[in-house]
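No hydrogens, no waters, no symmetry mates; every other heavy atom, side chains included, goes into these values.
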Amino acid sequence: MARTGLLVWSYCLILASVNVVHVLSSTVLPGIGVNWGTMASNPLPRNIVVNMLKDNGITKVKLFDSDSPTLKALAGTGIEVMVGIPNNQMSIVAGDIEDAEDWVKENITAYLHNGGVDIKYVAVGNEPFLSSYNNTYDNITFPALQNVQKALDKAGVGDKIKATVALNADVYESLSDKPSGGDFRKDIKDIMIQIIKFLHQNKAPFVVNIYPFLSLYQNAGFPFDYAFFDGGKTISDKNVSYSNVFDANYDTLVWTLKKNGVGDLKIIIGEVGWPTDGNFNANNKLAKKFYDGLLKKLVAKKGTPLRPGQLELYLFGLIDENQKSIAPGDFERHWGLFYYDGKPKFPIDLSGKGNDKMLIAAKGVQYMSPRWCVLNEENKNLSMIADEISYACSSADCTSLGYGSSCSKMDIDGNVSYAFNMYFQMQDQGDYACNFNGLAMIVKTNASRGSCLFPLQLVGAGERLELAYGVSIIAGLMLAFFSLM
């Protein structure tokens, strides 16, 4: 009896070391999901992210691709999924319908088995009509949308899974700067009318990304309070008052759809959020201010003046991504509710009740050894530093060093050390990556300065497998040992 009890206890101990017990946090408001992007040098393992979603009660997620390991990690969770087709893959499904059917079979229906993935939407393209793309995707977006929906229909899942396009709010505009002046951009109006009529015909939603932060960032004269939900500046439009740019932008779309014959088309906000670094208006305090106002609005179910009721949206984003393009601005790598390692940034209550607390952090995160690469002050050659910083930041994420950012108040030595360390960490702490012509050295004492975090890299997938293999061997030896007792 004692031997049996010891065996059971040992087995449970081993299981506890590799499994996570999920306890849902406070209820997340209906209609809220999150965007899960993975453009990071060493992204969090997918199973850890899925567990983090479950721990925080998040039941909807929007992806930017159809990555098989990600979908497998979401299988059996009950989390509703919007799968994405990246812009550079739209041509695969835009031409031959058979190619679209093959794509749907491989990336959608293969995961719809019992205990599979709850896929609800396929986002064909991601903001394909941005002006910066110079019309690259104009001629393939609508054909790709048509073919994917037809392929879903042929597979017998078109009534449950709808194809749509994730669009930036710049596809429409208002020459009067008021919602009632809204219409599609002239250069893409014909394409957009085809798209919205197709969406309406197939009972699919119009997915749009709205970013009040960008209104503030791109226009020096933009009223600060108008980017939030606290009142302040108001504009009047046909006996309707607007006290925030989110509502005004949304209703500009409502007017646009109405003018083009589909006034009742369902709208989903594909991305909305506030960055926390990389700009003087991007920080945790203002992000919390924005989210608190947005959640308060959502819990009241007020919608917008022209579309009252419950809004459906996906917060952007879940985790910081240190390899996103910074062409729009340094803030692009800092949209996450969580830092790169799954630690929450600020208190928030996704139920909208105002009971703010830190979200539940990712569990089971593994960091590399506590080693940092910093400036060797005994060998500080000032004439070489500029070139070495430039080299480090060309391949690493130095966006936190910019004006108004979290690490902008350090002295020159701190800036150099930060740049060196970011390169060192993003090169998986290879000794070769902490040389910089003899200007750098490796230390084992945390090099962070004040509020400026010098991060440690996460253990890569290959190293995690080695560790897991080692754990499994140890577990097997323990079981064998106890079985002989």
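Contact annotation: the side chain of Thr399 approaches that of His334 to within less than 4.5 Å [non-hydrogen atoms, C-beta and beyond]. Contact annotation: the side chain of Phe229 never approaches that of Lys296 to less than 4.5 Å [non-hydrogen atoms, C-beta and beyond].
Without hydrogens or angle criteria, Glu80 side chain to Lys60 main chain gives no donor-acceptor distance under 3.5 Å. Although no hydrogens or angles enter the test, the distance criterion places no donor-acceptor pair under 3.5 Å between the side chain of Asn249 and the main chain of Val245. In terms of modelled atom types and a separation under 3.5 Å, the side chain of Asn51 and the main chain of Asn47 share a donor-acceptor contact. Here the side chain of Asn56 pairs no donor or acceptor atom with the backbone of Leu359 at under 3.5 angstrom. Judged by distance alone, with hydrogens and angles left aside, the side-chain atoms of Lys302 form no donor-acceptor pair with the main-chain N or O of Leu298 at under 3.5 Å. With Thr164 contributing its side chain and Pro205 its backbone, the two residues share a donor-acceptor pair below 3.5 Å. Checking side-chain atoms of Lys343 against main-chain N and O of Ala362 turns up no donor-acceptor pair under 3.5 Å. With hydrogens and angles disregarded, a donor-acceptor distance shorter than 3.5 Å links the side chain of Asn35 to the backbone of Leu315. Using modelled atom types, no side-chain atom of Arg333 and backbone atom of Ile326 make a donor-acceptor pair closer than 3.5 Å. When atom types are taken as modelled, the side chain of Lys259 and the backbone of Gly182 share a donor-acceptor pair closer than 3.5 angstrom.
Screening Phe228, Tyr291, Trp335, Phe316 for a ring pair (Phe, Tyr, Trp, His ring centres under 6.0 Å) with Trp274, the sole residue that qualifies is Phe228.
Aromatic ring centres of Phe290 and Phe213: separated by at least 6.0 Å.
Counted by atom type alone, Asn281 and Tyr217 present zero donor-acceptor pairs between their side chains at under 3.5 Å. Inspection of the Tyr340 and Asn42 side chains reveals no N or O donor paired with an N or O acceptor under 3.5 Å. In this model, a donor atom of one side chain and an acceptor atom of the other lie less than 3.5 Å apart for Ser351 and Asp349. No side-chain donor from either of Tyr242 and Thr304 sits under 3.5 Å from a side-chain acceptor of the other.
Remark: Lys285 is not positioned above the aromatic ring of Phe346, lacking an NZ or CZ atom under 6.0 angstrom from the ring centre and at most 45 degrees off the axis. In this structure, Lys72 forms no cation-pi arrangement with Tyr111, as its terminal cationic atom is not both closer than 6.0 Å to the ring centre and no more than 45° off the ring axis.
Ion pairing between a basic and an acidic side chain is recognised when a charged N comes within 4.0 Å of a carboxylate O; Lys324 and Asp397 show no such pairing.
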